[in-house]
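Presented below is the structure to which this report refers.
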Amino acid sequence: MSLSQSLPLRSGFPSVYEDDLFKKFKLKHHRTLQCKYEIDTQNGRSNFHEGSLPDTGGNRAELLTPDIDELQRRENALLKCIQSPKISNDTNMSLATNHRKSYSLCKVCNDRATGIHYGLATCEGCKGFFKRTVQNKRKYRCSGNGSCIIDKSQRNRCQHCRFRKCLLQGMVIAAVRYDRAPGGRTPANVMQLYKYKNETNELINKNVNETFNALFDSNIFHCFDQISTIDMLFEHLRPLLNSEILLTQESIKSISLLTIDKFIYWFRSLPFYPTINIDLSQFMINDRWSNYIVLIIFYFLKMNYSHVHFISYPKCLQRLFYFTQNKFLSSLSYRILDQFFYFLSTFFNIHLTNTEFTLLSILLICRSNQLNKIHFNSFEYICQILHTYEITKLPSEQPARFNRLLSFLEQIQSITQILITHQHFHLPFLLFSS
DNA sequence: ATAGCCTTGACC
DNA sequence: GGTCAAGGCTAT
């Protein structure tokens, strides 16, 4: 049957035949057609779901669900890696015991879990959602920034983030039966994937719990509450405030390096740092230092000036002329300055707490599509920590405040990118008013 | 499309 | 026969 013949049948059959028997036949037939259609599409035709999505230019690939076939290939590769004599039946039994202990809540949305589904304790909703996504090879796109909160009340708002969370928490695509046969037992290779993902997530959970506890209970936030750690970070910026040093390209560079050093030293002391298997210093220096400097300068200004108009627009313009040694300022420079001041005003309007600033700075480092899965988990978990903090400490302002904080991440990245591209990275440093 | 409930079948 | 985790059905 050709594609053009099969498609119109998707939309409906004559309603005269709507008796139960025919309904059943229709559904089975419909499913067969859908499967056939999907096999057809694998031979170079556009995917039904993908085709119905708006094209945003492909530069935000991390916001689009990867192809299910691609995910299956990755799962198979993982299975080949983890297949070793070490994994015995004994450990599989202990896995089953572990599962039995934690049935109460769905690991994806915190609704009531009804059992282990595709390797994870989930509710009926997330079970069905995962099954439909894999069976129909559906693709989703996130209209936000790829970090939507998935809980019982909001789980249907973003399919992309829900499916992403399903995978991150350890649901196994291979457990969805290709032949759709009901009943039976899960194959041994799928059990191995359950075990591997369960162990990996346990390790991450352990580290993240430690981080969570450390951040909320012990020295780290205690230090921040006493302003001492932030002060340590700020001490390199303070001379600018008092005009103790002359602002040059060189002094900007050395101030940035000293601040980043301090940050790296603190970041490495976090309990979850060992789970991030990249060279943070290298990554910071190559990719993230500029974002972090912009964030910390904004926060410093906010802490030291009560009002956003601490420096006038003309005065800033004057400094910009002076700093660039009267080089011609293009209309683009004015636009950048406008954009910069606009973001500064939105940043000043939200009274960040030290905890929020700290979590934002970690998120700024973790947020990337270049990094591995464990790193993505760090982002996800720090997001959850921030979300928990927001709903417990500032419940009346939610969810607007939480969403605004997440949007700051994107805005800071965007502003920084513009400053670097147009060689205006000195701009934030010019705001220090004496 | 979602999610609660139902049916199925391998394993104990 | 009971349990568990697959897929199926259907009201919303």
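Letters go in sequence order (proteins before strands), and every chain restarts at 1.
Checking A/S414 against A/E410 by side-chain atom types alone, no donor-acceptor pair falls below 3.5 Å.
Comparing atom distances between the A/H117 side chain and each of C/dT3, B/dG4, C/dA6 picks out C/dA6 as nearest. Taking every side-chain heavy atom of A/Q135 into account, C/dG8 is the closest of B/dG4, B/dA10, C/dG8. Nearest to the side-chain atoms of A/R180 among the listed nucleotides C/dG7, C/dA6, C/dC4 stands C/dG7. Closest to the side chain of A/E124, out of C/dG7, B/dC5, B/dT2, is B/dC5. Of the candidate nucleotides C/dT3, C/dA6, B/dC5, C/dA6 has the atom nearest to the side chain of A/R177. For A/Q159, whose side chain is taken as the heavy atoms from C-beta onward, the closest listed nucleotide among B/dC11, B/dT2, C/dA6 is B/dT2.
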task: List the steps, then state whether side chain to side chain donor-acceptor pair (under 3.5 Å) holds for A/Q154 with A/D151.
output: CA-CA 5 Å; A/Q154 301 181 71; A/D151 58 24; 3.2 Å; yes
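Crowding of A/K152 atom NZ: a count of heavy atoms from other residues, nucleotides or ligands under 6.0 Å not exceeding 12.
The base of B/dG4 does not come close enough to the side chain of A/K127 for any donor and acceptor atom to sit less than 3.5 Å apart. The base of B/dA3 sits with one of its N or O atoms less than 3.5 Å from a complementary donor or acceptor on the side chain of A/R132.
Cation-pi check for A/R155 over A/F129 is not met; the charged atom does not lie both under 6.0 angstrom from the ring centroid and within 45 degrees of its normal.
Looking at heavy-atom distances under 4.0 Å, A/G128 makes no contact with the nucleic acid at all.
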